[in-house]
Number of protein chains: 2
Amino acid sequence: MSNISIYKEKLRESGLRPTRQRLKICEVLFTPEKTFHFTINDLTKIIENKLSEKISLATVYNTIHAFKKKGYLKEISINSDKSYFDTNVTEHHHFFDEDTNELIDCSNEEIDSVNIKKNITGKKIKSVEVLIKVASDNQNQN
Amino acid sequence: MSNISIYKEKLRESGLRPTRQRLKICEVLFTPEKTFHFTINDLTKIIENKLSEKISLATVYNTIHAFKKKGYLKEISINSDKSYFDTNVTEHHHFFDEDTNELIDCSNEEIDSVNIKKNITGKKIKSVEVLIKVASDNQNQN
DNA sequence: ATAGGTGCAAACGTTTTGCATTAAA
DNA sequence: TTTAATGCAAAACGTTTGCACCTAT
């Protein structure tokens with residue numbers, strides 16, 4: 001609970017007003033010991049069920065996008081109907097379990113860093129994401 | 001134009017009936033000299049504008065998904081509102097230009113193959129995708 | 001004749017928007 | 001008190017679905 005003043009400080013530093021809603025979202029996202037992956041829907045459910053709070057969807061979207069812009073969250077590239085976010089903003093990659101739609105972190109020790117020998121004129125590399133899709137061994141792949 | 005009989009054959013081999021609509025889609029996707037990237041929207045526009053044909057959206061979706069299932073198309077993972085497909089089904093990776101929302105192929109010579117030292121029990125690797133996001137050098141990232 | 005495919009419109013789920021209200025500075 | 005943030009409902013958008021009709025076999 002005492003984290004709240006830290007979040008307040010951080011938000012103010014970032015030029016974001018520390019509102020009640022944003023502080024709640026910070027608690028959910030940044031208090032857990034471990035980083036985690038979530039969709040907006042997941043997050044809204046956590047806020048509603050675990051915190052018995054109700055934050056407007058628009059506000060959740062606003063806040064998540066603001067946090068992403070500030071680099072407090074990472075969006076993960078998957079071709080899915082929804083967007084996945086990660087509270088782990090360090091450089092790392094992912095497994096995506098097609099059976100369960102779950103993301104699994106892949107630490108840097110578990111994957112060699114990608115060596116890119118091409119560059120695009122006038123463009124700068126913003127991110128390199130490796131996505132390893134996995135599924136049950138015995139799955140009918142048609 | 002003489003490709004049509006080839007497409008008919010291929011479709012029949014795959015257990016897909018060679019309908020007028022599917023043959024049109026084959027023409028658009030597989031006749032060009034070069035492989036390319038597209039969204040469903042792109043494809044529908046090409047069919048409407050270049051071929052002056054009208055194929056129902058549901059049919060386009062059906063066909064693209066059928067082709068993907070058969071391995072004639074690849075879906076590319078990007079966190080975008082829409083799905084991107086690739087007529088190049090060989091193993092290769094992509095640059096994604098955030099300024100223009102364009103995909104650029106990255107050949108295997110341009111990127112070292114990714115070495116994964118982790119595996120997930122009971123799961124098999126289905127694909128490994130590297131996505132390199134690029135944007136203008138001078139772009140305001142805020 | 002009979003699967004399988006098509007087309008339309010409606011439904012769906014996620015995300016965005018407009019605008020009046022509220023709260024932080 | 002003024003600027004930013006919230007909440008709500010509506011709209012937008014890509015995608016999927018249900019079902020009657022059509023067409024390849």
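Both backbone and side-chain heavy atoms feed into the values below; hydrogens, waters and symmetry mates do not.
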## Note on the structure
With five pairs defining each end axis, the helix from C:dA1-D:dT25 to C:dA25-D:dT1 comes out bent, to 10°, by 30°
### Salt bridge flag under 4.0 Å for residues A:Lys123 and B:Glu98
no
### Query
Which part of the nucleic acid, if any, lies within reach of B:Thr39 when heavy atoms closer than 4.0 Å are counted: base, sugar-phosphate only, or nothing?
nothing
### Query
Just how far, in rounded Å, is P of C:dT17 from NE2 of A:His65?
10 Å
### Query
Rounded to the nearest Å, what distance is computed from the CG atom of residue A:Leu23 to the C1' atom of nucleotide D:dA5?
13 Å
### Message
For B:Glu13, is there an ion pair with B:Lys10 - N to carboxylate O distance below 4.0 angstrom?
### Response
no
### Query
Roughly how many Å is it from CD1 in A:Ile25 to C1' in D:dT6, rounded to a whole number?
11 Å
### Query
Between A:Glu91 and A:Lys74, what is the shortest heavy-atom contact and its length?
CA-NZ, 4.1 Å
### Summary
Atom NZ of A:Lys82 and atom C1' of C:dC12 are separated, to the nearest Å, by 12 Å
### Query
Does the side chain of B:Arg12 get closer than 4.0 angstrom to OP1 or OP2 of D:dT25 through an N or O atom?
yes
### Summary
Here the pair of heavy atoms bringing B:Tyr7 nearest to B:Phe30 is OH-C, 3.4 Å
### Query
Tell me: NZ of A:Lys68 to P of C:dT15, nearest whole Å?
11 Å
### OP1 or OP2 of D:dT15 under 4.0 Å from side-chain N/O of B:Ser83
yes
### Task
Find the distance B:Ile4:CD1 to D:dA24:C1' and express it as a whole number of Å.
16 Å
### NZ/NE/NH1/NH2 to OD/OE distance under 4.0 Å, A:Glu75 and A:Lys68
yes
What are the atom names and distances for every N/O pair under 3.5 Å that joins the protein to nucleotides 7-9 of chain D?
from: D:dG7; atom 1: OP1; to: A:Gln21; atom 2: NE2; distance (Å): 2.9
from: D:dG7; atom 1: OP2; to: A:Ser56; atom 2: N; distance (Å): 3.2
from: D:dG7; atom 1: OP2; to: A:Thr59; atom 2: OG1; distance (Å): 3.1

### Query
Do B:Lys117 and A:Glu109 sit within salt-bridge range, that is, some charged N less than 4.0 Å from a carboxylate O?
no
### Message
Heavy-atom nearest nucleotide on DNA chain D for A:Leu16 versus B:Ile40: which residue maps closer to 5'?
### Response
A:Leu16
### Message
Check this for me: does any side-chain nitrogen of one of B:Lys24 and B:Glu27 sit under 4.0 Å from a carboxylate oxygen of the other?
### Response
yes
### Under 3.5 Å donor-acceptor pair, B:Arg17 side-chain atoms to C:dA3 base atoms
yes
#### Entry: Same cluster (ILVMFWY, side-chain, under 4.5 Å), A:Tyr61 and A:Leu43
yes
### Query
What is the distance from OH of B:Tyr84 to C1' of D:dG14, rounded to the nearest Å?
12 Å
#### Entry: A:Leu103 CG to A:Asn88 CG distance, which is reported to the nearest 0.5 Å
11.5 Å
### Rounded distance (Å) that lies between atom P of C:dA9 and atom OH of B:Tyr61
17 Å
### Task
For B:Glu75 and for B:Pro18, locate the closest nucleotide of DNA chain D by heavy-atom distance; then report the residue assigned to the nucleotide nearer the 5' terminus.
B:Glu75
